[in-house]
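Notes for the one structure printed next.
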Amino acid sequence: MSENGGTTLVEAVNLALARELERDPSVVVLGEDVGVNGGVFRATAGLQRRFGEARVLDTPLAETLIAGMSVGLAAQGFRPVAEIQFMGFIHSTLDQMLNHAARLRNRTRGRLTCPMVLRAPFGGGIHAPEHHSESTEALFAHIPGLRVVIPSSPARAYGLLLAAIRDPDPVVFLEPKRIYRALKEPVADDGQALPLDACFVLREGRDVTLVTWGALVRETLAAADTLAGEGVEAEVIDVATVKPLDTETILASVARTGRCVIVHEAARSGGVGAEIAAVLAERGLTTLLAPVVRVTGYDTVMPLYRLEHLYLPDEARILAAVRGVMEYA
Amino acid sequence: MSENGGTTLVEAVNLALARELERDPSVVVLGEDVGVNGGVFRATAGLQRRFGEARVLDTPLAETLIAGMSVGLAAQGFRPVAEIQFMGFIHSTLDQMLNHAARLRNRTRGRLTCPMVLRAPFGGGIHAPEHHSESTEALFAHIPGLRVVIPSSPARAYGLLLAAIRDPDPVVFLEPKRIYRALKEPVADDGQALPLDACFVLREGRDVTLVTWGALVRETLAAADTLAGEGVEAEVIDVATVKPLDTETILASVARTGRCVIVHEAARSGGVGAEIAAVLAERGLTTLLAPVVRVTGYDTVMPLYRLEHLYLPDEARILAAVRGVMEYA
Amino acid sequence: MTTVARFTVDYTRFLDPSGKAVAELPAFARDPASLVALYRAMVLTRAFDARAVALQRTGRLGTYASTLGQEAIGAALGEAMAPEDVLVPSYRETGAQIARGVRMSELLLYWGGDERGSRFTGPREDFPVSVPVASQSCHAVGVALAFRLRNEPRVAVSVCGDGATSKGDFYESLNAAGVWRLPLVFLVNNNQWAISVPRSRQSAAETIAQKAVAAGFRGEQVDGNDAVALRAVLEAAIERARKGGGPTLVEALTYRLCDHTTADDASRYRPAEEVSGHWAEDPVVRLRNHLVAAGAWRKAEEEALLDECARTVEAAVAEYESLPPQDPASLFDYLYAELPAALREQREALIRGGGGDE
Amino acid sequence: MTTVARFTVDYTRFLDPSGKAVAELPAFARDPASLVALYRAMVLTRAFDARAVALQRTGRLGTYASTLGQEAIGAALGEAMAPEDVLVPSYRETGAQIARGVRMSELLLYWGGDERGSRFTGPREDFPVSVPVASQSCHAVGVALAFRLRNEPRVAVSVCGDGATSKGDFYESLNAAGVWRLPLVFLVNNNQWAISVPRSRQSAAETIAQKAVAAGFRGEQVDGNDAVALRAVLEAAIERARKGGGPTLVEALTYRLCDHTTADDASRYRPAEEVSGHWAEDPVVRLRNHLVAAGAWRKAEEEALLDECARTVEAAVAEYESLPPQDPASLFDYLYAELPAALREQREALIRGGGGDE
Ligand SMILES: Cc1ncc(C[n+]2csc(CCOP(=O)(O)OP(=O)(O)O)c2C)c(N)n1
Ligand SMILES: Cc1ncc(C[n+]2csc(CCOP(=O)(O)OP(=O)(O)O)c2C)c(N)n1
Ligand SMILES: [Mg+2]
Ligand SMILES: [Mg+2]
């Protein structure tokens, strides 16, 4: 799809949307500027031209409505895939997602269901304006009845988005926009979904387990490479589905390595990393040879872009944390 | 204030509101039905009659507005104390609380500030209708720039609410409605605030640390009594301010006891208990003699009232967890 | 300065409070016998309401929201909607729900704190009660859009109260329905109160109907205690929507003769005289008077009807009370289509009898 | 059926696109010299905008939202508001912000990703830019209520775009302002586009002004490229509000001649001819033509003004670029009045150079 053979993450999103629009007439794409404009990040580029205005709809500027009407469409058997333009504007969907999307099946004992996807680009690092760099996945990850899925590569974006759209329950699908175009890899548009609710072990290692998701998978893998040069073999786990958590994979890995560093961009307190560390403290305690360390955004407001580099965890911080953990006797 | 000398928690809230309305002309109370009706739980009973319609305002039925206009009032030097009728309806304030209330000071480098309080009754156990039993404090506790405060007794409700109103920054103040009237104690209406950002150690003990907040403080204290009869001395910590967390008190306690059970009503995954357990895994690991156990609501939707007793943690579950932790070798 | 846009709001009433026709009746109403069904539905709703309140008072039901004084709305809506249409209700649409085939035992289950009350065996696509006011308007937009996308001649009806019209999601929904000219009717039960907040403190708009002006479509007022007017206006709005004429906002002007819910004590905030004054507008009496005057209803029929309603309601109560509680596992079994592995342990722990905290 | 409410929306224009008066001018405009200030403000805004866009293109500024074609709004608002009033802006009020005394270097700082840009040294109670569209309307309600509670003759002005009027918080704010008859003017910059969504797809309402009908107060349209009309209408609305006459919604009909922001490419979704057609309405040219025709403006003055604006803007750029970046600790130092103990370690770790992850 791209000049030099590879596919970017945002192109993979586009491929997955097109594939499902093609395959399943109940799929509709909706959101602000998703039509003619193809989305402010081009995730929906060309879809309206190809599938028509009835399948790819520009909505009025109203996020609560976007989430709420998706509930209505989904209850009627459609599979709405709604885009929220930036995660900073997703918070007014919380009422609908928590009170309705996540509960419709349970409330009606399965009579009505809510197979919807709420997509949003998230995270910092692209020098964007205020409110355009949020990472608030933990808010959604606390809500029973939801799934929260975060891809970290083009291939996983493709396969996980297919899975999210096909899933019979509501999925919040968060796309790390910092790597929308930063990396390319061959993506076969073969309609093969990847499993939800499962971590991906991206690198095996016996010395320490690095647990992460989204854009920071890149820095974490780079750190693992650097560590390998120092004789430390790090296992790298991409959590991918942060709700519900595949704790078994993480526990099994830490049972082998005895050490765990969790890396995420969101503010530390109450981030998804807290849940992972808590699970280790509950069910992996005896396997721990060192404290569980979190390398995360600070408990501050994401700063405007001039200082955002200070906020974002980077390879150096990951390395420092891992070295600390390794030295721990 | 009450027949038999004691003051209930909801009466203590009322006393604190009246005290601050009296003391500080910049305090205004607003919300749905807070005026003539005195609030659906009577927390604002009599205040409009006493302080007038300019100080105690019924708003239109619009939670986003209630939070957002409070930001405007606060920026103008008022100290709005807004009531959200039930926590189930608080989620549409999240956009305003996260994007504005929590950020106004930071965004303007201190030029404008946001000394507002958003009060809401929360939690289950009163056989209320759907959406009237939520415990979603973790959503707010993840937001940098906010404080989240939860009293667990009439005296602490009084003292902490005074502190919240006097605090120069936004505070989400969550009132455990299950114990609004369930217990009474003498409350001196002396205008003495209690400290924010600090846990209360309600009971000292050397064997295990029980960490909790809100309505479940009662069951936890009861469990501690039962345990004392079995020769287990439990320390009971009421976290009170769940954001920011007073981790020092918790760490110090666990350093002494070596064991920790966390009790909360909210869904387990990503609850505030996760952050506490994570802090123990990071900074208290060597002091832990047993896994950190969480006794919490399930990762399910709070059921309608007929089955809510199955959802709510109770003394039996606390006891079972503590006994498990104590037996751990 | 030139005038670039003009709007009006119309008001419809056919029967005055005494039941006398004040305008030429619509076709369906000229044969008074055809109004009997409307009347019967209102009486049944009132009987159910009274029983539900009584059950709550004796601890056999949870908090309940009566529709006393507002029965004409549900009865008329029940007749105006086609079975294949979809109702998206708030918590005060008991009458319409019954009329559409939700079992009374299901309604009791819902208010009795049991999720099975929302697994309707009747109108399978109707939405369950929405407690967060106005939030359901957005769902109705999605439902109506689904009809449009599938080219089905069906209509969604979203119902909420006067207080709910202050909420942003109400307006977002109106606006979207206008943009897409959706087959969607917004019905507002303007019962003058939102718990303790009177209509005058809820909005400075002279009418609720005019809120549709903001969204570019028709809003109209109707006497909400006049079942004939309600049925006529709702039928017209629904048929217009069905034929591609777009949405309508219908404001039904009525009065909440009851407390907000059984958890409320309205005497704290409104004078008894205001309430008793509104009893003169009682929609049930109004239609009965009309039928009696037309010779279409007699004392014996009234007695038989009351008797029948009492029996129907009693049977529903018996059904409600005979149903064993749900299994504890039900807390988990409807959360997702398939239980995620992460939740298996919690479910097992719950079944074992609570705990299972690791 | 009777009509129970009627509404109209008026439209005001004084100058036609060529600058000719089409109606009797308001008092302030009869002396054309008095319009020069208005004109100068517009030209300065345009100069600033052009420079900001250029800075962005060369990587010296972040994403920027130009106001090209919409300069009359900010200039007129700047004149209509009193210094003690409070502006509650969106991100496209550069003109009004400059007119109210926000330093251009501060504006550059904000768009340059530096929080100090919102610590205005000028209008100290004005709100900073609000990025989440319409959310600021709620703040304006609070500000206006504060004025009312303190009995101050001050007015809040909330500004947003046409797209923002689809959001629920916009409506919640209108409704509350209506209920309390607040000293609050809602100004909508209807530039016909919300990024790629045209006005016609945003709402079926014939005018944005009529959205005020939903809230029970006056809404009016004004030619948003006619600075004279804008000033007249805004002054009247603000003075009415100041005197207790309640809120007004003013819809300024204009056109976004620029891309949405520097991150946008509008050619993807709107034809070049549409844009070039709207250049004929250019508010700057319109007022200049008017002044020139009235003999109140000459070529030399124009040249001097352009020169002066260029120098003023350049000085602001120099000031912006000379400011050293904020201290890393600034990430923590404005979060709370006093840093909570729980954050001390994180702050220290950051100062030490990142990390400090335990
Ligand atoms: C979003 C939301 N906020 C608050 C409540 C609490 N509440 C329940 S009913 C009600 C008043 C609703 O009034 P109205 O819309 O007029 O409907 P009515 O009850 O009169 O039928 C309130 C405030 C709620 N259910 N939802
Ligand atoms: C709540 C929210 N949703 C989405 C966005 C992203 N966004 C920024 S500007 C814009 C369009 C706004 O259009 P309009 O209100 O007409 O203002 P204009 O930009 O034309 O001045 C959108 C969708 C946002 N800033 N806030
Ligand atoms: Mg009402
Ligand atoms: Mg616009």
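Below, chains carry the letters A, B, ... as their sequence lines are ordered, and counting in each starts from 1. Bear in mind that the values here come from a model prediction, so they are computed numbers and not experimental data.
Closest of all the heavy-atom pairs between A:Trp213 and A:Gly273 is CH2-N, 3.8 Å. The shortest non-hydrogen separation linking A:Thr296 to A:Ala266 is CB-O, 3.6 Å. Here the closest non-hydrogen pair linking A:Gly123 and A:Ser135 is CA-OG, 3.4 Å. When every heavy atom of A:Thr241 is checked against every heavy atom of A:Asp197, the shortest pair comes out as OG1-N, 2.9 Å. Across all their heavy atoms, B:Ala82 and B:Ser70 have their closest contact at CB-OG, 3.7 Å. When every heavy atom of A:Met87 is checked against every heavy atom of A:His91, the shortest pair comes out as O-CE1, 3.4 Å.
Of the atoms belonging to B:Thr300, it is backbone heavy atoms, and not side-chain ones, that fall under 4.5 Å from chain A. Neither the backbone nor the side chain of B:Val272 comes within contact range of chain A; no heavy atoms are under 4.5 Å apart. For B:Gln96, no part lies near chain A; criterion is any non-hydrogen pair under 4.5 Å. Of the atoms belonging to B:Val242, not a single heavy atom falls under 4.5 Å from chain A. The parts of A:Ala267 that come within reach of chain B are both its backbone and its side chain, each placing non-hydrogen atoms under 4.5 angstrom from that chain. Within the 4.5 angstrom heavy-atom criterion, atoms from both the backbone and the side chain of B:Asn99 approach chain A. The parts of B:Leu139 that come within reach of chain A are both its backbone and its side chain, each placing non-hydrogen atoms under 4.5 angstrom from that chain. For A:Glu130, the part lying under 4.5 angstrom from a heavy atom of chain B is the side chain only.
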Pair A:Val279, A:Ile250 - check side chain to side chain contact (heavy atoms under 4.5 Å, CB included), show working.
CA-CA 9 Å; A:Val279 168; A:Ile250 298 169; over 6 Å; no
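Counting heavy-atom pairs under 4.5 Å between each of B:Arg107, B:Glu134, B:Lys243 and chain A puts B:Arg107 at the top. If you tally non-hydrogen atom pairs under 4.5 Å between each of A:Leu288, A:Ile276, A:Leu285 and chain B, the highest count goes to A:Leu285. With chain A as partner, the option from B:Arg103, B:His142, B:His131, B:Met302 having the largest number of non-hydrogen pairs under 4.5 angstrom is B:His142. Considering only heavy-atom pairs separated by less than 4.5 Å from chain B, the leading option among A:Leu98, A:Thr93, A:Leu304 is A:Leu98. Ranked by heavy-atom pairs shorter than 4.5 Å toward chain A, the options B:Gly145, B:Ala102, B:Ala277, B:Ala274 are led by B:Ala274.
For the pair B:Pro244 and A:Asp299, the minimum side-chain heavy-atom distance is 4.5 Å or more. Residues A:Val172 and A:Arg147 form no side-chain contact, since every pair of their non-hydrogen atoms from C-beta on lies 4.5 Å or further apart. Counting only heavy atoms from C-beta outward, the side chains of B:Glu265 and B:Phe122 never approach each other to under 4.5 Å.
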Could you go through residues 61-69 of chain A and list every donor-acceptor pair under 3.5 Å that involves a side-chain atom there, pairing it with any protein atom two or more places apart or in another chain?
from, atom 1, to, atom 2, distance (Å)
A:Thr64, OG1, A:Ser92, O, 2.9

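For residues 257-264 of chain B, heavy-atom neighbours of chain A at less than 4.5 Å comprise no residues at all.
Taken to the nearest 0.5 Å, the CD atom of A:Gln85 stands 12.5 Å off from the CD1 atom of A:Ile90.
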